[in-house]
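Before any comments, here is the structure.
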Amino acid sequence: MKPLPNNTFCYYPFYQLALKYWKKGTGIVEAAPCCNSQRPFNNYDPLNIKHVLKENALKNNHLFPKDIFHGKELNELRESMLNGKKHPACNVCWKMEKGNNKNSYRLHSSRPSEKIDFNNLKLTTFDLGFEETCNLRCRMCTPGNSNQLRLDLKYFKKNNYTIDSWLDAHGDSGQHQVNSENMVKNSLSDSKQWKSILDNITDIKVIKATGGETLLTKSFNQFLDVAIEKNCAKNIVLEFHTNATVFTSKLMKKLNHFNKINIAFSIDSVGKRYEYIRYPMKWELLEKSVKKFIQMVDKSKVHMLSFNSVGSVFSAFNYRELCEWIYQLGLQNKIRVSLWVDQIIPENKSINITYLPHSLLKELLIEYEYLTNQYNSYDNMIFNCENIINMITNTLLKKEDNFKDKMLYEIKAFDSSRNQDYHNFVHPKLIEFLDGK
């Protein structure tokens, strides 16, 4: 069986567990078959097992990952999939598949390395959230995913700025983003559940990871060290997102121990526009770090050098330059490359690409279709912005709303916090829109 538009099957619930949020003293806070089922954030408990985890934690009877994987909730989900029923835990994909869209996460779910034995399911893949430690203050991120953004959070509170999308990004009441001292922290290292993952590390085939900046987190580095020490790194595939700023010789030697290295570099633009989006990183240092990775990685373990971009108004007009930089990088180093553009999370951020006026969205639609045809014609590159094209197309079918004031408010709030001025950084078309009357 495989995922098709005319069935409800997905590979992930049959071998994977997504544990994105942990809390000190509580352990696992939420669980799902994949991270996408928790999107948007008002669906952060898609299997309705948060209360089960909480009740067990209060009794000091923490549920371990294998307990969750073989538990009632996931068993019901799997049964629904096999019987052709659309389980509400997968509403994100059902929504994406409305009409003739064939680009949902389910339809592109990857099959496990071993054939699925439906009578003896094995948990072989983890999609883990590794703390919020980060070195950047990216404009499309949240304080729950980057501890450095708490500098902006503190400034906003002091100067009476309110960033609406930070009010509901995590937590029951939405206050975790506003009150940093109450924020749900990804705290794996003190958890018995994390210890159980390390104790059973020889069973793991794939580890997927997000941060913070994954490579800076204590727990992810602990995972690398334990896998190498137990001589099972050679059997494990690493899949994670990184801002690509911290590659060192020491780190590269560790990564080369693993079976495969599937990394997505989060880069949205080039030059000063990159620096504006992913403050306070300098483009020159970013390039140096990326080239360090390419120079030192065991290329037999890298199928493709992947880049990811978030579809914000800052990156919207810059993909031609970014595509060319990535294409040349692949050409010069004889390695396949790709650029994937995905939606912004949370979707209600004022800098969402779909909040641009219809006139600009129509221009972008033409641009993205051109870039898709142009760069996909090359043997060594893939450019995929299908999600964004679908989002723009759907937006153009709706009545146009005016988001300029909210967008400008958020942009100026961050500019004030960082002593910047968008006029000096962003694309002229965005400046023209923001300054227009």
Side-chain angles (χ1 to χ4, degrees), residues 96 99-103 108 138-140 264-278 283 304-331 336-345 347 349-404 407-408 410-411 422-436:
M96 292 177 73
N100 294 318
N101 184 15
K102 298 180 181 179
N103 197 39
H108 291 282
C138 302
R139 286 183 175 243
M140 54 284 188
F265 292 168
S266 297
I267 300 174
D268 310 275
S269 191
V270 300
K272 67 177 183 178
R273 290 175 188 156
Y274 164 85
E275 295 176 356
Y276 184 72
I277 298 169
R278 295 192 176 266
W283 175 251
M304 179 182 293
L305 198 60
S306 296
F307 294 80
N308 273 36
S309 173
V310 175
S312 77
V313 297
F314 303 124
S315 58
F317 304 96
N318 304 326
Y319 288 124
R320 190 172 294 219
E321 294 85 354
L322 182 58
C323 279
E324 187 59 23
W325 178 76
I326 292 171
Y327 170 67
Q328 291 298 332
L329 200 65
L331 203 62
R336 294 195 76 209
V337 291
S338 65
L339 173 60
W340 304 82
V341 184
D342 207 350
Q343 66 194 66
I344 198 168
I345 299 294
E347 293 178 36
K349 281 194 74 66
S350 302
I351 56 171
N352 189 325
I353 193 174
T354 60
Y355 289 173
L356 290 168
H358 283 197
S359 59
L360 286 178
L361 290 178
K362 289 176 182 177
E363 289 184 29
L364 290 173
L365 204 56
I366 295 171
E367 172 75 353
Y368 296 164
E369 288 172 347
Y370 164 79
L371 291 175
T372 299
N373 292 330
Q374 174 73 20
Y375 284 95
N376 287 342
S377 68
Y378 301 137
D379 291 336
N380 73 318
M381 180 157 177
I382 296 173
F383 175 66
N384 189 315
C385 62
E386 192 173 342
N387 272 351
I388 298 300
I389 287 177
N390 288 334
M391 287 176 66
I392 291 175
T393 302
N394 291 333
T395 301
L396 290 174
L397 296 174
K398 303 173 185 175
K399 181 181 177 181
E400 183 171 5
D401 289 318
N402 187 352
F403 293 98
K404 186 175 79 171
M407 189 183 296
L408 197 54
E410 180 169 328
I411 290 172
Y422 67 88
H423 294 91
N424 299 324
F425 296 94
V426 305
H427 194 277
K429 284 186 178 292
L430 182 56
I431 294 174
E432 183 180 355
F433 164 63
L434 294 173
D435 290 355

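One is the number of the first residue; the rest follow in order along the sequence. All values reported here derive from a predicted model rather than from experimental measurement.
A search for salt bridge (charged side-chain N to carboxylate O under 4.0 Å, His left out) contacts involving K429 returns E363, not counting sequence neighbours. For S306, the side chain to side chain donor-acceptor pair (under 3.5 Å) partners are S338, not counting sequence neighbours. Taking the side chain to side chain contact (heavy atoms under 4.5 Å, CB included) definition, one finds that N394 meets it with L397, sequence neighbours left out. Among residues two or more places apart in sequence or in another chain, the side chain to side chain donor-acceptor pair (under 3.5 Å) test is passed with H358 by none. For the side chain to side chain donor-acceptor pair (under 3.5 Å) test, residues two or more places apart in sequence or in another chain that qualify with N352 are T354. The side chain to side chain donor-acceptor pair (under 3.5 Å) check on Y368 picks up nothing, with sequence neighbours excluded. Under the ring-ring contact (aromatic ring centres under 6.0 Å, His included) criterion, F265 pairs with F247, F293, F307, not counting sequence neighbours. By the salt bridge (charged side-chain N to carboxylate O under 4.0 Å, His left out) test, E410 pairs with K349, sequence neighbours left out. Remark: N308 pairs with H241, A264, W340 by the side chain to side chain contact (heavy atoms under 4.5 Å, CB included) rule, at least two apart or across chains. For Y378, the ring-ring contact (aromatic ring centres under 6.0 Å, His included) criterion is met by Y327, Y375, not counting sequence neighbours.
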Checklist entry - Which is it for V270 and N318 under the side-chain contact (heavy atoms from CB on, under 4.5 Å) test, yes or no, and what are the steps along the way? => result CA-CA 8 Å; V270 300; N318 304 326; over 6 Å; no
Next on the checklist: Could you walk me through whether I351 and I411 satisfy the side-chain contact (heavy atoms from CB on, under 4.5 Å) test, starting with their C-alpha distance in whole Å, then the side-chain angles of each, then the deciding distance to 0.1 Å, before giving a yes or no?
Outcome noted: CA-CA 8 Å; I351 56 171; I411 290 172; 4.2 Å; yes
Item to check | Residue pair I277, S269: steps toward the side-chain contact (heavy atoms from CB on, under 4.5 Å) verdict | outcome: CA-CA 8 Å; I277 298 169; S269 191; 4.1 Å; yes
Next on the checklist: The test is side-chain contact (heavy atoms from CB on, under 4.5 Å); show your working for L356 and L430 and say whether it passes.
Outcome noted: CA-CA 9 Å; L356 290 168; L430 182 56; 4.1 Å; yes
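N424 has its side chain out of reach of K272: every pair of non-hydrogen atoms, C-beta onward, lies at least 4.5 Å apart. No side-chain heavy atom of W325 sits less than 4.5 Å from a side-chain heavy atom of V337. I389 places a side-chain heavy atom less than 4.5 Å from the side chain of L365.
Between the side chain of D268 and the main chain of S309, no donor-acceptor pair closer than 3.5 Å is present. The backbone N or O of G436 lies less than 3.5 Å from a partner atom in the side chain of K404, making a donor-acceptor pair. For T395 (side chain) and Y355 (main-chain N/O), no donor-acceptor pair under 3.5 Å exists by modelled atom type. The backbone N or O of N380 sits nowhere less than 3.5 Å from a side-chain atom of R336 that would complete a donor-acceptor pair.
Taking both residues in full, the closest heavy atoms of F433 and P357 are given as CE1-CD, 3.5 Å, listed atom of the first, atom of the second, then distance. The shortest heavy-atom contact between I326 and M381 is CG2-CE, 4.3 Å. Scanning all heavy atoms of the two residues, the minimum distance from A316 to L364 falls at O-CD2, 3.4 Å. Considering every non-hydrogen atom in both T372 and C385, the closest pair reads OG1-SG, 3.9 Å.
Residue pairs meeting the salt bridge (charged side-chain N to carboxylate O under 4.0 Å, His left out) criterion with at least one member in residues 364-377, sequence neighbours excluded: R320-E367. The salt bridge (charged side-chain N to carboxylate O under 4.0 Å, His left out) contacts involving residues 392-403 comprise nothing, where partners must be two or more places apart or lie in separate chains.
Atoms CD1 and CD1, on I344 and I388 in that order, are 9.0 Å from each other to the nearest 0.5 Å. Taken from CZ in R278 to SG in C138, the straight-line distance is 4.0 Å, to the nearest 0.5 Å. Here the SG-CD1 distance, from C323 to I382, works out to 12.0 Å after rounding to the nearest 0.5 Å. The distance from the CG atom of N387 to the CG atom of D342 is 5.0 Å, given to the nearest 0.5 Å.
Note on ring orientation: taking the six-membered ring where Trp is involved, the planes of H427 and F317 are parallel (angle under 30°, cut-offs 30° and 60°).
Figure legend: R273 and F314 shown without cation-pi pairing, the cationic atom not lying both under 6.0 angstrom from the six-membered ring centre and within 45 degrees of its axis.
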